[in-house]
Structures are given as C-alpha cells and as structure tokens.
Amino acid sequence: MSNIRTRFAPSPTGFLHLGSARTALFNWAYARHHGGTFVLRIEDTDRERSTAESEAGLIEGLQWLGLDWDEGPFRQSDRADRHTAVIEQLLAEGKAYRCVCTRDELEDRKQAVLEAGGKWTYDGRCRDAGHGPDCGEHTVRLRLPEEGMLGWDDLVFGPSGQDASEIGDKIIRRSGGDPLFHLTVVVDDFDMGITHVIRGADHHPNTPFQIAIYEAMGAPLPHFAHVPLIVGPSGKKLSKRRDPVSIEAFREQGYLPEGLRNWLVRLGWSHGDDELFSREEIIEKFDLDGVGRASGQADPDKLAWVNQQHIKDAPLDTLMAGLEAQWPKHLDKAPEHDERLALAIDLNRERAKTLDEMASLCAVLLRDEVDLRSEASAKAVKKHLKVAALPLVESLYAALSKLDVEEWSESQLESVFEAVAAHHDNVKLGKIAQPVRVAVTGGPISPGIYETMIVIGRSRCLPRLERAIEVMRERAEQAG
RNA sequence: GUCCCCAUCGUCUAGUGGUUAGGACACCGGCCUUUCAAGCCGGCGACACGGGUUCGAGUCCCGUUGGGGAUGCCA
C-alpha cells in the first residue's frame, strides 16, 4: 500500500461526460496501479448550478464504468466551515484582503486597460486599503507575491509556471460569502492528503494561482498532472449539442462499460502497441509516463471496434443483463434467459458492435412471427425465394419433416441439406441455404444456416418453410 | 488582444540523434465462405512549413503557420 492519493472532483452541474469520465478513469487507474487511494469529492460550491440529480447521475456513471472509490463521496458544501476558517486565517495574516470593487467597476476598468492595449489583471485598488469586516459588501482576494515564480514540474507537461506578477489578486470568496473554486479545491486537496492532482489540461493555466494559495496556507504542493483535452470529431472542443458526450447516452446505445473504459483509456494514453485492455490490465499497465501532451479526437469507429472486441469475450450473464434494456426496441417482450437465448447471443458475438445491434440480431432469431409478405422482407423474398428454388425447398421440406425434434441437430441438418443438394445435380449449398434463410428468418442475413435453424427450432422452421413454398408457388403461377 | 500549451498516416498512437518511420481504427483489394460477420493476407496513407545545431534530425533550438486552453464574484 503506497500513500499515493488521487481524487476525482466533478461539479454536479450536468451528466458525467466523456472528458470527466476519462479524468476519473486516469485518477482511478493511477491510484489502483500504485496501490494508492482514490477519493471522490463533489464540488458543489456553485449552489446555483449544482443539482442532486446531477450528483446521482455522476455517481451512477462512475459505478457503471467500474471506477470504484475508496473514500467519499465528500461534498464541498459540507466543508464550508473549514473554507471559511482558512479564509479568515488568510485575512488575519494579511495574506488576503477585502475588496469592495463592484463587478461593474471592475468591468469598466478592465475594458479601459484592454482598449489601451494593456493586459488586465486585478489592478490592486483595494490591496492596501485595509478594509475591515464592516466595509459592506465585499469579496476577498488573495494577496499574491510581488514577484517570483509560481512553478511546478507537471507530470505530463514538464516544467511549468508563471511569474506571480503576471497573475493578479484573484477572488477567493464571493461577496455572498461562498468560497470560490480555487480556494476550495486547494483546501480540500490539502486536507484530504491528495498527493497527485490529475485533471484536465484546461486547469493548467489555473495552477499558478492555486500554488499561490498553497503557499499562503503554508501547505506543501501536491504533484500535478494535466491530461490533454478530448476534442470532438470536428476537431473542435466537445460540444454537448453536437457530440455524443454523455456516458449515459453511450450506455443506452449498448456500449459495454469494458468497451467504453478501454476506448477512453487509450485516448491520450498508450502502452506500446497495446490496444485492448481489461480492467485488470489497465490497473497493471497504466501510468502517467504513457500520457501524451496533444489533445485528441474521440473516434466513434474505434469505440465500436473496441466494444465489439469486449462483446466477443464478455460473460454470457453480463450480456444477458445488459440486453434487458435493449429488448423493448426490438421485441414485444423480452426473451427468457434460457438455452435458446444463450445460443442466439453466442452466435452473434462476432457480429454485434453494440448491445443494441446484438438485440437486433438476436431478435431475428427469437421472434415468434415471420411475415414474408411484409415490407421488411420484400426485397429478400424477391431475390431469394425465386421459382427456381422451389423444387429445392420442397425437397428439403419433405426431408426435414421426417426429422423429429431429437434429430434437429447441426449434423442431421447438414446431412439433409447435403442429400438434397446431391439429388439436385449437386447444386451449391448456397442455392438451398439462402432461400431457407429467408424463409425462416424473413431476411438475407443470419448466422450459419444450421445454427440459425436450431435456434429458431423445428416447430417454427417447418411452418415457415411451408409459407415460403406457398409464396414461391404463387410466383410460379403468376409467371405462367 | 494578452498569456500558456500542443503539432507523426483521415483518427488514436509507437518513436527519447542513425528506423525501409512501427501498430491499431477506418478505407480499398484478396483469401475463406451457404448470407452477414469474424478471421487471415495485402494495399492506401504521416513526421505542418522555414531556418539553424550536428557527420547525421520525426527526435534538439528559433521562427512561421495551424489547432487548443486560459483570461469569471463557473468549475
């Protein structure tokens, strides 16, 4: 057990999205790899935007992804007293001061500076004004050092930092009394003994100011690791409107947590030429030295492929359970968890990229009715239930009728097909199989014909073949 | 605008001064084959540009271009 401690600190202002999920994943993986501790902390200091539903969604998303935490969830809002105490302390020590500048005043001065071609940081008007607690509505600002480097050695980006003089005294407490992010995150990370702050690169520019807070508190710095951002397929920043970013949405589309996790971990991190990682392999191989510095695009095609790889060797129970949410889209009622379902799933493991596809493919084998005259079957019927195939299907039907239920096996079906083919000038098996496939499934696509017929079952196949024969005879008559 | 970061096939990436620049997804072709997949084999395809440093640069330095982030009493 090492004493490495990481944390995931989302703000509950929306669903768990791709970027957050990956940050959580990296923190979790780093902690697990090094035998450390992973802490979950909800950053709900923005009371106006934080919601309980969002918090629940965040937690549900993490659990679904298999990212378990060792401590928490802690809520920043529960730590308000501590935050207040730190601010008071800083005030008492003169490391922070009260500022009575209003938003409008600040905005005006900022614009003036910008228009004059200067660069804006807080101009320090209240810095030495010595405003007391009774100065009326005020914010609290951290008093930054006049000069000196606020630097650190980023575990991903390397030596980083900014001179204190370039930053300006930022606000750490709102006029309403609530502490601000920069303050709370530092206090909480310090109190919780976080040793490695792993977060999105969008926080890289915030780090110098936060370091100033650590220094003002006399607290030791944690290690910082900023991981590159994820951008959308367009190359632009992920947009909630255009890009699929909600973990919940991926789940609904039928991606497995294993698949999504694997895809996510490879976005910005690599381990040689390895592509596929189980949860255990992520823990075994993940480390910060494999994290790159360039932001990357999320590629849905890669996700589909990775997910398919995981579907291939997922336990049957996992698939059955995950499929429950998908059935309504494809069948009137969910199938029993029996041998038949198990076989249908196994037959489609290599054909489905998502659970949604899996359900769709299985539905073809499991549904009770096949209507050859339906719109959906029209094309396949026209193409494969041709008059020429009639004698083939008739012979096959006759031979099949003689098999009883116990004989309805792959080897028996195979011999029947071969015998029929032999009787008809050794036609290619495909000449028989394809019409039969359409007859029993209503479409041109399915697993191997024998396996397909076994899942569908003798009692369903025979009547369906009869119907197909009827259809073909009608066509023969129409043809004259 | 200012500050900061980034830059290898379309995409994810390997690469730590000497490589025919490798792998994966996608795409294309072939094999297999009763369909669809899967699998196997092969192909297409990149060091953004310009200067340096060096015997030698994808690798180091500078600049340009491009992309991104930050610049909140959001996180």
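- Applying the salt bridge (charged side-chain N to carboxylate O under 4.0 Å, His left out) test to pairs two or more places apart or on separate chains, none has a residue in residues 416-444 of chain A.
- Scored by the salt bridge (Lys or Arg N to Asp or Glu O under 4.0 Å) test, A:Arg460 finds A:Asp368 as partners (sequence neighbours excluded).
- Of the options A:Phe8, A:Trp269, A:Phe286, a ring pair (Phe, Tyr, Trp, His ring centres under 6.0 Å) to A:Phe26 is made by A:Phe286 and by none of the others.
- Comparing the C1' positions of B:A57 and B:G15 gives an interatomic distance of 13 Å, to the nearest angstrom.
- B:G10 is paired with B:C25 under the criterion used here, namely a Watson-Crick or G-U wobble arrangement in which both key atom distances are under 3.5 Å.
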Which atoms of nucleotides 42-50 of chain B (N or O only) lie under 3.5 Å from a protein N or O atom, and what are those distances?
none

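- Remark: B:A70 base-pairs with B:U2. Criterion, Watson-Crick or G-U wobble with two distances under 3.5 Å.
- Proximity of A:Lys170 to the phosphate of B:C73: no side-chain N or O atom is located under 4.0 Å from OP1 or OP2.
- A:Asn206 comes within contact range of at least one nucleobase, with a heavy-atom separation under 4.0 Å.
- One finds the CG atom of A:Leu142 at 11.5 Å from the CD1 atom of A:Ile171 (value rounded to the nearest 0.5 Å).
- In this structure, the salt bridge (Lys or Arg N to Asp or Glu O under 4.0 Å) partners of A:Glu88, at least two apart in sequence or on a different chain, are A:Arg173.
- Here the side chains of A:Arg261 and A:Glu258 are in contact, with some heavy-atom distance below 4.5 Å.
- One interatomic measurement links the two molecules: CG of A:Asp104 to P of B:C73, which rounds to 12 Å at whole-angstrom precision.
- Within the structure, a side-chain polar atom (N or O) of A:Thr45 is placed less than 4.0 Å from OP1 or OP2 of B:A75.
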Report all interatomic pairs (protein N or O, nucleotide N or O of nucleotides 57-65 of chain B) with separations under 3.5 Å.
none

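- Taking A:Asp274 as the reference, A:Lys285 meet the salt bridge (Lys or Arg N to Asp or Glu O under 4.0 Å) condition, with sequence neighbours excluded.
- One atom, CD1 of A:Ile172, and another, P of B:C73, lie 13 Å apart when rounded to the nearest Å.
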Distance-only donor-acceptor hits, side chain of residues 181-192 of chain A, under 3.5 Å, sequence neighbours excluded:
residue: A:His182; atom: ND1; partner: A:Gln210; partner atom: NE2; Å: 3.0
residue: A:Thr184; atom: OG1; partner: A:Gln76; partner atom: OE1; Å: 3.4
residue: A:Thr184; atom: OG1; partner: A:Gln76; partner atom: NE2; Å: 3.2
residue: A:Thr184; atom: OG1; partner: A:Phe181; partner atom: O; Å: 3.0
residue: A:Asp188; atom: OD1; partner: A:Arg79; partner atom: NE; Å: 2.6
residue: A:Asp188; atom: OD1; partner: A:Arg79; partner atom: NH2; Å: 2.9
residue: A:Asp188; atom: OD1; partner: A:His83; partner atom: NE2; Å: 2.8
residue: A:Asp188; atom: OD2; partner: A:Gln76; partner atom: NE2; Å: 2.8
residue: A:Asp189; atom: OD1; partner: A:Arg7; partner atom: NE; Å: 3.0
residue: A:Asp189; atom: OD1; partner: A:Arg41; partner atom: NH1; Å: 2.9
residue: A:Asp189; atom: OD1; partner: A:Arg41; partner atom: NH2; Å: 3.0
residue: A:Asp189; atom: OD2; partner: A:Arg7; partner atom: NE; Å: 3.4
residue: A:Asp189; atom: OD2; partner: A:Arg7; partner atom: NH2; Å: 2.8
residue: A:Asp191; atom: OD1; partner: A:Arg82; partner atom: NH2; Å: 2.9
residue: A:Asp191; atom: OD2; partner: A:Arg79; partner atom: NH2; Å: 2.6
residue: A:Asp191; atom: OD2; partner: A:Arg82; partner atom: NE; Å: 2.7

Nucleic acid footprint by protein, nucleotides 19-41 of chain B - heavy-atom cut-off 4.0 Å, B for base, S for sugar-phosphate alone: ---BBBBS-------BBBBSS--
Set out, line by line, the N/O atom pairs under 3.5 Å between protein and nucleotides 3-8 of chain B.
none

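- Other residues, nucleotides and ligands contribute over 12 non-hydrogen atoms within 6.0 Å of the NE2 atom of A:His424.
- Residues A:Leu392 and A:Val436 fail the side-chain proximity criterion, which asks for heavy atoms closer than 4.5 Å.
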Taking only distance into account, with no hydrogens and no angle test, what donor-acceptor pairs under 3.5 Å do side-chain atoms of residues 381-390 of chain A form with protein atoms, sequence neighbours excluded?
none

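- Comparing B:C73, B:A75, B:U13 against the side chain of A:Ser270 picks out B:U13 as the nearest.
- Atom P of nucleotide B:G72 and atom CD of A:Glu48 are separated by 18 Å, given to the nearest angstrom.
- Here B:G39 sits opposite B:C31 as a Watson-Crick or G-U wobble pair (both hydrogen-bonding atom distances under 3.5 Å).
- The distance between atom CG of A:Leu16 and atom P of B:A75, rounded to the nearest whole Å, is 19 Å.
- B:U64: Watson-Crick or G-U partner is B:A48, with both key distances under 3.5 Å.
- Contacts of A:Lys110 with the nucleic acid, taken as non-hydrogen atoms under 4.0 Å apart, involve only primed sugar atoms and P, OP1 or OP2.
- Base engagement by A:His203 is indicated by at least one non-hydrogen atom pair under 4.0 Å involving a base atom.
- Remark: A:Glu146 pairs with A:Arg127 by the salt bridge (Lys or Arg N to Asp or Glu O under 4.0 Å) rule, at least two apart or across chains.
- Nucleic acid contact for A:Arg49: base, since at least one base atom lies under 4.0 Å from a heavy atom of the residue.
- Under the side-chain contact (heavy atoms from CB on, under 4.5 Å) criterion, A:Glu281 pairs with A:Phe277, A:Ser278, not counting sequence neighbours.
- The residue A:Leu229 sits close only to the backbone: its heavy atoms come under 4.0 Å of sugar-phosphate atoms, none of a base.
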